[in-house]
Amino acid sequence: MGTPTISANCLRGLIEHGFNIVAVITQADKKVGRKEIITKSPVKLVAEEYNIPVYTPIKIRLDYEFLKEINPDLILTFAYGQIVPQGVLDIPRLGCLNLHGSLLPKYRGASPIQAALFNNEEVTGVTLMEMIKQMDAGRMYAKKEVRIEKDDNATSLFNKIGDAGLELALEALPKYVDGLLEGVPQDESLVSFCGIIKPEDEKIDVNCSAKTIYGLIRGLSDNPGAYLYLDEAKIKIYKADYVSGEYSGENGEIIQADKNGLLMKCHDGAIKILELQKEGKKRMDYRSFINGNQNLLHRYFK
RNA sequence: CGCGGAGUAGAGCAGUGGUAGCUCAUCAGGCUCAUAACCUGAAAGUCGGAGUGUUCAAAUCCUCCCUCCGCAA
């Protein structure tokens, strides 16, 4: 069970390594984009490619009777996008496992990969764990660490986590099936959570520290992008760096706008904007932005 | 028919009826110990496409089409 590209890659890997996938469950086709084109999930596309039966319950919470007939030995989820009810967890004889995009017990919840970036972590990872009723709280069977590099953003980290998830599954699933893995309970004192990211969470608060803003920008790039406003125009920042040090001026003020950089002062340092996009315009580097928007100096982002 | 913005030199933009401009990049020359710095000059646009639409005159107004983007989903 899964939905986005990383799940699809994982599914493909499992299939090619000889795992017998009897059914695939993914989110239903959705209308996407301005033209509302009906789009199948990446997982569905891969499943169809290999002629594996696909199920797309709108609400798995209510609609899972079909799974009893399939009677799988094991269910593996990876970024499925719905909460799986107890009724499903009880079906497979070997239980339900989940690949979670963090090193549990850190970052239980819906956005672990982004959360690691928001918090400027240097290491995160993926955890293979038992699914229980309480979200992301089951015993852990295996983990794989992923190092976060300076130039990583959400897109690149998703890919790394996806690759790591597949590797972990290939290594650990056979052992699990043979009963060789021991489940380790999570240390409840170290639990932290991350929720669904809402549009208001994507707004940059210029009064935050440079490092916090940097983390937000990385964690939301390339999709959907962290934003702020210049006058009435919404500006998304896709790539930036942070500079420590004291700068005069107010938070949000543009304190440099030339070929050497586009700097916005914030609390405890400044943000060096590298790639951005004004609404209605294309994504561009800071030099192009400065060329087309003169007199930026001492104006304010807010 | 969900709402809205935009398509003008390689890039980013200005220009809303009267012989197409700005910043950056490019090329040439100059200055300099030197330079991504500075000075001088040059090249580069059938102004998204179509119209056997309006006008003395269209990048600018009208009609249709294409593409890109923000919101919403």
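Chain letters run A, B, ... following the sequence lines, proteins first, then strands; residues in each count from 1.
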Please name the nucleotide paired to [N] by Watson-Crick or G-U wobble geometry with both distances under 3.5 Å, or report none.
N: B:rC3; answer: B:rG70
N: B:rG41; answer: B:rC27
N: B:rU16; answer: none
N: B:rA50; answer: B:rU63

(message) The criterion is ring-ring contact (aromatic ring centres under 6.0 Å, His included); which residues satisfy it with A:Tyr214, sequence neighbours excluded?
(response)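 Residues passing ring-ring contact (aromatic ring centres under 6.0 Å, His included) with A:Tyr214: A:Tyr242.
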(request) With sequence neighbours left out, write down each residue that passes ring-ring contact (aromatic ring centres under 6.0 Å, His included) with A:Phe193, or none if nothing qualifies. (result)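 With neighbours one apart ignored, the set is empty.
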Can you check the distance between [N] and [M], where both ends of the measurement are the [atom1] atom (answer in whole Å)?
N: B:rC64; M: B:rU52; atom1: C1'; answer: 15 Å
N: B:rC13; M: B:rA37; atom1: P; answer: 23 Å
N: B:rG41; M: B:rA14; atom1: C1'; answer: 24 Å
N: B:rG30; M: B:rG18; atom1: C1'; answer: 40 Å
N: B:rC61; M: B:rG49; atom1: P; answer: 15 Å
N: B:rU63; M: B:rU54; atom1: C1'; answer: 11 Å
N: B:rA42; M: B:rA34; atom1: C1'; answer: 25 Å
N: B:rG48; M: B:rA6; atom1: P; answer: 13 Å

From [atom1] ([X]) to [atom2] ([Y]), nearest 0.5 Å:
X: A:Ile271; Y: A:Leu228; atom1: CD1; atom2: CG; answer: 10.0 Å
X: A:Lys265; Y: A:Glu250; atom1: NZ; atom2: CD; answer: 9.0 Å
X: A:Leu99; Y: A:Thr77; atom1: CG; atom2: OG1; answer: 7.0 Å

(message) If you take any heavy atom closer than 4.0 Å to RNA chain B, which residues from residues 274-281 of chain A end up in contact?
(response)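 Contacting residues: A:Gln277, A:Glu279, A:Gly280, A:Lys281.
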(request) Identify, residue by residue, the members of residues 220-233 of chain A with a heavy atom below 4.0 Å from RNA chain B, and return them in order of residue number, or none. (result) none
How would you list all residue pairs meeting salt bridge (Lys or Arg N to Asp or Glu O under 4.0 Å) that involve [range], not counting sequence neighbours?
range: residues 78-88 of chain A; result: none
range: residues 103-119 of chain A; result: A:Lys106-A:Glu121, A:Arg108-A:Glu188
range: residues 190-209 of chain A; result: none
range: residues 268-278 of chain A; result: A:Glu275-A:Arg283

(request) Name the first nucleotide and the last nucleotide along RNA chain B (5' to 3') that come under 4.0 Å of a heavy atom in chain A. (result) B:rG2 to B:rA73
Using a 3.5 Å cut-off and no angle test, enumerate the donor-acceptor pairs between side-chain atoms of residues 175-183 of chain A and protein atoms at least two apart in sequence or in another chain.
from	atom 1	to	atom 2	distance (Å)
A:Tyr176	OH	A:Leu94	O	2.6

(message) Students often get this wrong, so: under 4.0 angstrom with heavy atoms, is A:Lys236 touching a base, only sugar-phosphate, or nothing?
(response) sugar-phosphate
(request) Identify whether any heavy atom of A:Lys31 sits under 4.0 Å from a base atom; if not, whether one sits that close to sugar-phosphate; answer base, sugar-phosphate or nothing. (result) base
(message) Going by the rule side-chain contact (heavy atoms from CB on, under 4.5 Å), which residues pair with A:Ile38 if we only count those two or more places apart in sequence or in a different chain?
(response) A:Asp29, A:Lys31
(request) Assign each of A:Arg287 and A:Met284 to its nearest nucleotide of RNA chain B by heavy atoms, then name whichever residue's nucleotide is nearer the 5' end. (result)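 Taking each residue's closest nucleotide, the earlier one in sequence belongs to A:Met284.
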(request) Using heavy atoms to find the nearest nucleotide of RNA chain B for A:Asp285 and A:Gln294 separately, return the residue whose nucleotide is more 5′. (result) A:Asp285
(request) Name all residues meeting the side chain to side chain donor-acceptor pair (under 3.5 Å) criterion together with A:Arg299; count only those two or more places apart in sequence or in a different chain, and write none if there are none. (result)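 Scan of A:Arg299 (side chain to side chain donor-acceptor pair (under 3.5 Å), adjacent residues dropped) gives A:Asp231.
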